There are 2 protein chains.
Amino acid sequence: MTIDPNADRPVYKQLADLIRARIESGEYRPGQRLPAENHYVAEYGISRDSVRRAIAVLRGEGLIVTKLRGSRVREAGDADTISIAPGTQVTARMPTEPERKQLGIAEGVPILVITETHGETRKLPADRAIIEASTEASTDRAG
Amino acid sequence: MTIDPNADRPVYKQLADLIRARIESGEYRPGQRLPAENHYVAEYGISRDSVRRAIAVLRGEGLIVTKLRGSRVREAGDADTISIAPGTQVTARMPTEPERKQLGIAEGVPILVITETHGETRKLPADRAIIEASTEASTDRAG
DNA sequence: TAGGATTTGTACGTATGTATT
DNA sequence: GAATACATACGTACAAATCCT
């Protein structure tokens, strides 16, 4: 598979598709490091700008995590199962940057917002929590 | 408030903070159009690159939606309340680009992934759904 | 309807800073 | 200290969609 600068689809999205496919096919495995940006620059003859944009797309999708030294395929973090009582409401949204820092969440990870019947709310990183509806009133965790 | 190119915090994050504060304070109201990119370029003497990066941050946080003609503060879409039976599990993650297109979701909006006890899964846009734990087995919607 | 103005999208370049190896 | 690789930030240019006259 190659990249066509004259295609309808932008170069950076084509590269994002290509890398995403490699992740989903298992060619890039969880925890595995991706090639450096310049690797893709050389391999496909595109600008580093386009490569970085592609990487940013995948980071926004939570598929990879990027550190100063490189990007890796995200590993499925072990999640706690949180039981919620009947009547409790759950939704999700992306955290703002201050929230991300405060809660120690990686980029591309949403937060689960849990609103108890009392009105109290909790925010949990979605990559570390699974919500389970219970019959009884108890908000314990069951790892 | 101004932007200091010599500050520890990058210019684009400073601008994102600034715009975010205006949204949260109500100075920019839901549905209201943000000034054009070049407005910020001129106002703060920074590059369009930095402005675009700031806008991208806020879009990733789901605070604004961007069309070709400009960005607007996201309006709270009316969400359906989805009841889930005991034992049902819920988590959230960001959709991939194909998923976004398929489900017709805006950027910066996570999906709720609902796994029934049977193993069946549903994916719902988090900006249009609120999950509510019920005592009884029923997955009806209650608007 | 035509055409220009506006605004965002994409894509290239360069340079410098900073953290890690 | 050097090499590597990502982060930031400036610039340019053109394309494409939308809006307005």
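Naming: A, B, ... by sequence-line order, numbering from 1 per chain. Keep in mind it's a predicted model, so treat the numbers as computed, not measured.
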Engineer: Across the strands shown, which category fits B/Arg33 at heavy-atom distances under 4.0 angstrom: base, sugar-phosphate, nothing?
Structural biologist: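 Sugar-phosphate only.
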Engineer: Any side-chain heavy atom of A/Pro95 sitting closer than 4.5 Å to one from B/Glu61?
Structural biologist: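 A/Pro95 does not reach B/Glu61 side chain to side chain.
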Engineer: Kindly write out the residues that satisfy side chain to side chain contact (heavy atoms under 4.5 Å, CB included) with B/Ala56, not counting sequence neighbours, or none if the list is empty.
Structural biologist: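 In terms of side chain to side chain contact (heavy atoms under 4.5 Å, CB included), with neighbours along the sequence ignored, B/Ala56 is linked to B/Arg59.
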Engineer: Could you walk me through whether A/Ser71 and A/Thr66 pass the side-chain hydrogen bond (donor to acceptor under 3.5 Å, both in side chains) check?
Structural biologist: CA-CA 4 Å; A/Ser71 295; A/Thr66 301; 2.7 Å; yes
Engineer: Atom CD1 of B/Ile64 and atom OH of B/Tyr28: how far apart are they, to the nearest 0.5 Å?
Structural biologist: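 Reported to 0.5 Å precision, the distance equals 10.5 Å.
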Engineer: Indicate every side-chain donor-acceptor pair of residues 100-108 of chain B with a distance under 3.5 Å to a residue at least two apart or in another chain.
Structural biologist:
| residue | atom | partner | partner atom | Å |
| --- | --- | --- | --- | --- |
| B/Arg100 | NH1 | B/Ile105 | O | 3.3 |

Engineer: By side chain to side chain contact (heavy atoms under 4.5 Å, CB included), which residues pair with B/Arg128, not counting sequence neighbours?
Structural biologist: B/Pro125
Engineer: Is it true that a side-chain atom of B/Gln14 and a backbone atom of B/Asp4 form a donor plus acceptor pair closer than 3.5 Å?
Structural biologist: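 A pair under 3.5 Å: yes.
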Engineer: When rounded to the nearest 0.5 angstrom, what is the spacing between OG1 in A/Thr91 and CG in A/Leu112?
Structural biologist: 8.5 Å
Engineer: Looking at residues at least two apart in the chain, or sitting in another chain, which of them share a side chain to side chain contact (heavy atoms under 4.5 Å, CB included) with B/Ala76?
Structural biologist: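 Listed in chain order: nothing, the list is empty.
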Engineer: Tell me the bend of the helix from C/dA2-D/dT21 to C/dT21-D/dA2 as the angle between end helix axes, each from five pairs, rounded to the nearest 10 degrees.
Structural biologist: 10°
Engineer: Restricting to non-hydrogen atoms, name the atom on B/Val11 and the atom on B/Pro5 that form the minimum distance, rounded to 0.1 Å.
Structural biologist: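 Taking B/Val11 first and B/Pro5 second, the nearest heavy atoms are CG2-CA, 3.9 Å.
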Engineer: Using a heavy-atom cut-off of 4.0 Å to chain B, what are the terminal contacting nucleotides of DNA chain C, in 5' to 3' order?
Structural biologist: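 Contacts span C/dT6 to C/dT10, reading 5' to 3'.
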Engineer: What residues form a side chain to side chain contact (heavy atoms under 4.5 Å, CB included) with A/Val65, not counting sequence neighbours?
Structural biologist: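 For A/Val65 the side chain to side chain contact (heavy atoms under 4.5 Å, CB included) partners, ignoring immediate neighbours, are A/Arg72, A/Arg74.
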Engineer: Does any residue of residues 67-75 of chain B have a heavy atom under 4.0 Å from DNA chain D, and if so, which ones, in number order?
Structural biologist: B/Leu68, B/Arg69
Engineer: First and last nucleotide of DNA chain D in contact with chain A, 5' to 3', at under 4.0 Å to a heavy atom: what are they?
Structural biologist: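 On DNA chain D, the outermost contacted nucleotides are D/dT4 to D/dT8.
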Engineer: Heavy-atom contacts under 4.0 Å between residues 48-59 of chain A and DNA chain D, which residues?
Structural biologist: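 Within residues 48-59 of chain A, the residues near DNA chain D are A/Arg48, A/Arg52.
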Engineer: Run the salt bridge (Lys or Arg N to Asp or Glu O under 4.0 Å) test against A/Asp17 and tell me which residues pass, sequence neighbours left out.
Structural biologist: A/Arg9, A/Arg20
Engineer: In plain terms, say whether A/Glu75 and A/Arg29 are close enough for a salt bridge, that is, a side-chain N and a carboxylate O under 4.0 Å apart.
Structural biologist: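 Not counted as a salt bridge, because no side-chain N and carboxylate O are separated by less than 4.0 Å.
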Engineer: Restricting to salt bridge (Lys or Arg N to Asp or Glu O under 4.0 Å), what partner residues turn up for A/Lys13, sequence neighbours left out?
Structural biologist: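 Result, salt bridge (Lys or Arg N to Asp or Glu O under 4.0 Å) vs A/Lys13: B/Glu97.
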Engineer: If you take all heavy atoms of B/Ile84 and A/Ala133, which pair is closest and at what distance?
Structural biologist: CD1-CB, 3.8 Å
